[in-house]
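Here is the structure we will look at, set down as structure tokens.
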Amino acid sequence: MMYKQVSEELLSLIQQSPSCFHAVRTISALLEEAGYTQLNECDSWKLEKGGKYYTTRNGSSVIAFAIGEELDDYHFQLTSSHSDSPTFKVKERAELKGKGGYLQLNTEGYGGMLCATWMDRPLSVAGRVTLRTADGIEIKNVDLCDPVALIPNVAIHMNRNANDGASFNAAVDMLPLYALGEGEKVTLRARVAEALGVRDTDILTTDLFVYNTQRGIEWNGMISAPRLDDLQCVFASLCAFIESGKSGEASGAIPMFCLFDNEEVGSQTKQGAASTFLCDVLERISGAAGLSPAEHRRRIANSFLVSCDNAHAVHPNHTEYADRNHSVFMNRGIVIKYNANQRYTSDAVSAGIFRLVCEKANVPTQYYANRADMPGGSTLGNIANTQVSLNTVDIGLAQLAMHSSFETAGALDTYYLVNALSAFFGMKLCFAGNGKYRLG
Ligand code: ZN
């Protein structure tokens, strides 16, 4: 894929993925187009050599894998990324009556957003609903597309301290304005029903999130868009995964693309990285291959996970927040993340292997570590490892304003990650004994 095409397609994927449910639907469609067959976790699976499959959990997480034609001593080579981003969830009773007839959306925060960036932006609502049917329920995604709400700032004249460090109360300052008065009231539920072409009485309940309607842009070698954390890594790993399936050159490993929900709220859900989702799928693949539990564990021991989640680029106005020797920059390649307290999984072995993969792909790498007096964040790698322990490296792409409603990253870095992960999926990594590891 050409560099220019990469940015365009990334921005298109972001536009089509206003919520985690939409991200999964967009990705499922791309997998279907590339010949992957959906498996339902509730069915029994018949997996065949040469088959390409994916399964989803909760409509918000995905695991896809391809089984090669010649797989004798296979193991797994995986990527992980996350489908969710910080936002505001609309509560079940969606409207709040304010003074002066204002109608507001009744919301609560999801994840650790930068509140100021959500102000004065045209916001829409997307997510999923359950509908009443003749014999049960039906789950449907919905996107209102048009702006329907906005969180207004308080004018500087009324809050003279607004530029001196702000504090935001989620229950007071962050409620989106929805309508001006009772007379103009169209309930959010009625709008959702209209968008779906159903009666609002058919809607049983909802998982609806607010999103920034602003379209992503490319400018001066950078991209700015909502949800770059983590859709930039999602997009790059998906491209590399699908490309690896097209080439037909079996590396002898089973490539897997894993996308988890709920990273922004700690991953401890049935569809998060701390769930059994990955473990369950791995066991089902080995079960279909007739492997004993001990043999399955041997394959796991030889497997490798690249945990992909964006990293903090040095801030142009605040270079002091970065460690002096571990500052990372946009468009300078893939960031390998280290943390002594194991918030990141990278160690000398996994990082060494991944560096070599990048070298073979002609992709530059850079090293990230927090300033020693700053705790920083964590991500998927070590969380997934609590359920199924794999050799894992934590990597990402350098970006600014993480958890803003409009983030900025390097356009070239997406291309680098596609190339690095294509190389990763195209080679067989395995322990060769005596402290040696082979990249085939
Ligand atoms: Zn992230």
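Ligands are counted one by one from 1 in listed order, and the atoms in each one are counted from 1 as well. When a residue number appears, it is its place in the shown sequence, counting from 1. What's counted below: heavy atoms across the whole structure, side chains too, no hydrogens, waters or symmetry copies.
For the pair N302 (side chain) and F431 (backbone), a donor-acceptor distance under 3.5 Å is present.
Between Y53 and F65, the ring planes lie tilted relative to each other; the angle falls in the 30° to 60° range.
A 4.5 Å side-chain heavy-atom check between L105 and V125 finds at least one atom pair inside the cut-off.
In summary, no N, O or S atom of E263 is located under 2.8 Å from the Zn ion (ligand 1). Not a single N, O or S atom of C233, from either the backbone or the side chain, sits less than 2.8 Å from the Zn ion (ligand 1).
Shortest distance from the Zn ion (ligand 1) to D309 is reached at OD1 (N/O/S atoms only). Atom OD1 is the N/O/S atom of D229 found closest to the Zn ion (ligand 1).
Considering N58, T205, T206 in turn, N58 is the only one that fulfils the side-chain hydrogen bond (donor to acceptor under 3.5 Å, both in side chains) rule with R128.
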